[in-house]
Amino acid sequence: MIRVQGHNAGMKALKEIVKAASQLGVKVLTVYAFSTENWKRPEDEVGGIFKLLVRYCESELAELNANNVRVGVLGETAKLPADARESLCKALETTKTNDGMEFLIARNYGARREILLALREIAEEAKRGLLDPEALTEEDISRRLFTGASAYPDPDLIIRTGGEKRLSNFLLWQGAYAELVFRDTYWPDFTPAELEDCILEYQSRDRRFGGLTQKKG
């Protein structure tokens, strides 16, 4: 997770991190731009967050496209302001044929809401006799999540900035086996060098997925 909120410095950091992630060979980068809980914030603050994100999409879209980055979105977009929806649609359409790094923007996203919607869909299909509850698999649930429509992979690494030690309702299902790295650095000061350091820390860990340690070499 990279939580993106606030001000112009945060947008500058986002530009640098997206570029660095692509250069480092990251296949999918997801930023947590606006959660379902953020609607509780003051109206002017919410409006400011969306204006900054619209500005980012407008100013960086050409460069993202030139660098073969494909933009995606996670979350429910219907409730977003019209200009935010338009900027997202333009970014998705402009970059849809790119095959480089996937850059996912989580807007109006909440993992519990995501799981709830998936379960409602499953329940409706079961009610109509289209699905046998006894035959339900984890893959059936995964396919109905926001990440499932485009078959985005589960995250390997989740980075939380700002000194917080929680996931804040981010990719709870998909992140079941993600490695977590917590940094005290606040987002506007998070640099490409620190991103690389987080990736190196991830690479040094022994990922067992519940099994035994695998011998290296």
Side-chain angles (χ1 to χ4, degrees), residues 1-35 48-75 84 87-88 90-107 109 146-147 150-168 170-171 174-175 177-205 207:
M1 172 205 330
I2 296 179
R3 179 175 285 277
V4 180
Q5 292 185 338
H7 38 63
N8 292 322
M11 294 299 102
K12 182 175 183 294
L14 178 59
K15 176 180 179 178
E16 294 177 352
I17 293 302
V18 171
K19 182 177 180 180
S22 181
Q23 293 174 342
L24 288 168
V26 173
K27 300 300 182 183
V28 181
L29 173 70
T30 304
V31 299
Y32 203 2
F34 190 86
S35 74
I49 291 172
F50 282 118
K51 287 179 181 178
L52 284 172
L53 289 169
V54 169
R55 190 186 311 163
Y56 172 83
C57 287
E58 291 177 346
S59 64
E60 304 304 324
L61 181 55
E63 184 172 349
L64 289 169
N65 193 41
N67 289 321
N68 200 31
V69 173
R70 184 166 68 176
V71 178
V73 62
L74 302 181
S87 67
L88 273 179
K90 182 178 180 180
L92 295 175
E93 180 64 25
T94 301
T95 65
K96 67 180 181 180
T97 60
N98 293 345
D99 57 6
M101 186 182 77
E102 299 268 7
F103 173 38
L104 306 183
I105 304 173
R107 284 190 182 181
Y109 172 85
F146 293 135
T147 50
S150 299
Y152 294 123
D154 290 343
D156 294 307
L157 169 64
I158 295 178
I159 302 169
R160 182 65 198 259
T161 60
E164 303 291 355
K165 302 294 191 297
R166 59 176 181 268
L167 290 177
S168 296
F170 180 74
L171 296 178
Q174 301 90 329
Y177 275 101
E179 294 295 319
L180 308 180
V181 173
F182 300 100
R183 292 297 168 116
D184 290 333
T185 307
Y186 285 98
W187 168 249
D189 300 318
F190 192 77
T191 65
E194 193 154 10
L195 171 64
E196 186 171 4
D197 188 55
C198 290
I199 293 174
L200 289 173
E201 181 177 341
Y202 157 78
Q203 291 174 334
S204 72
R205 295 185 182 180
R207 305 188 75 202

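Annotation: Y109 is not in aromatic contact with F34 [ring centroid separation under 6.0 Å not met].
For CZ of F182, the number of neighbouring non-hydrogen atoms (other residues, nucleotides, ligands) closer than 6.0 Å is greater than 12.
E194 and T185 share a donor-acceptor pair across their side chains, judged by distance under 3.5 Å alone.
Of all heavy-atom pairs spanning L61 and K90, the tightest one is CD2-CG, 3.9 Å. Of all heavy-atom pairs spanning I158 and G175, the tightest one is CD1-CA, 4.3 Å. Looking at every heavy atom in both residues, P155 comes nearest to A178 through O-CB, 3.4 Å. Between K165 and D184, the closest heavy-atom pair is NZ-OD1, 4.0 Å. Between R107 and L53, the shortest heavy-atom distance links the atoms NH2-CB, 3.0 Å. Between F50 and A84, the shortest heavy-atom contact is CD2-CB, 4.1 Å.
Between N65 atom CG and R70 atom CZ the span is 12.5 Å, to the nearest 0.5 Å. Remark: Y202 OH to E179 CD distance equals 7.0 Å, nearest 0.5 Å. Atom CG of L64 and atom SG of C57 lie 8.0 Å apart (nearest 0.5 Å). Rounded to the nearest 0.5 angstrom, L74 CG and Y32 OH are separated by 10.5 Å.
Side-chain atoms of N68 never come within 3.5 Å of backbone atoms of N98 as a donor-acceptor pair (strictly under, hydrogens ignored). Looking only at distances, no side-chain donor or acceptor of R160 sits under 3.5 Å from a matching main-chain atom of V181. Checking side-chain atoms of S22 against main-chain N and O of K19 turns up no donor-acceptor pair under 3.5 Å. Remark: side-chain polar atoms of T95 are paired, donor with acceptor, to backbone N or O of V71 under 3.5 angstrom. Judged by distance alone, the side chain of N67 and the main-chain N or O of E63 form a donor-acceptor pair under 3.5 Å. With T94 contributing its side chain and A91 its backbone, the two residues share no donor-acceptor pair below 3.5 Å. Of the possible polar contacts, none joining the R183 side chain to the L195 backbone as a donor-acceptor pair under 3.5 Å is found.
Proximity of F103 to V31: side-chain heavy atoms (C-beta onward) are separated by under 4.5 Å at one or more points. Within the 4.5 Å cutoff, side-chain heavy atoms of L24 are placed close to those of E196. Proximity of F170 to T30: side-chain heavy atoms (C-beta onward) are separated by under 4.5 Å at one or more points. Looking at heavy atoms from C-beta onward, I17 lies in side-chain contact with W187 at the 4.5 angstrom threshold. No side-chain heavy atom of K96 sits less than 4.5 Å from a side-chain heavy atom of L92. Looking at heavy atoms from C-beta onward, K12 lies out of side-chain contact with K15 at the 4.5 angstrom threshold. For the pair L14/Y56, a side-chain contact is recorded, criterion being any heavy-atom separation below 4.5 Å from C-beta on. Looking only at side-chain heavy atoms (C-beta outward), I199 and V26 come within less than 4.5 Å of each other.
K27 has no carboxylate O lying under 4.0 Å from a charged side-chain N of E102, or vice versa, which leaves the two without a salt bridge.
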> Please walk me through it: do E16 and T191 pass side-chain contact (heavy atoms from CB on, under 4.5 Å)?
Replying inline: CA-CA 7 Å; E16 294 177 352; T191 65; 5.6 Å; no

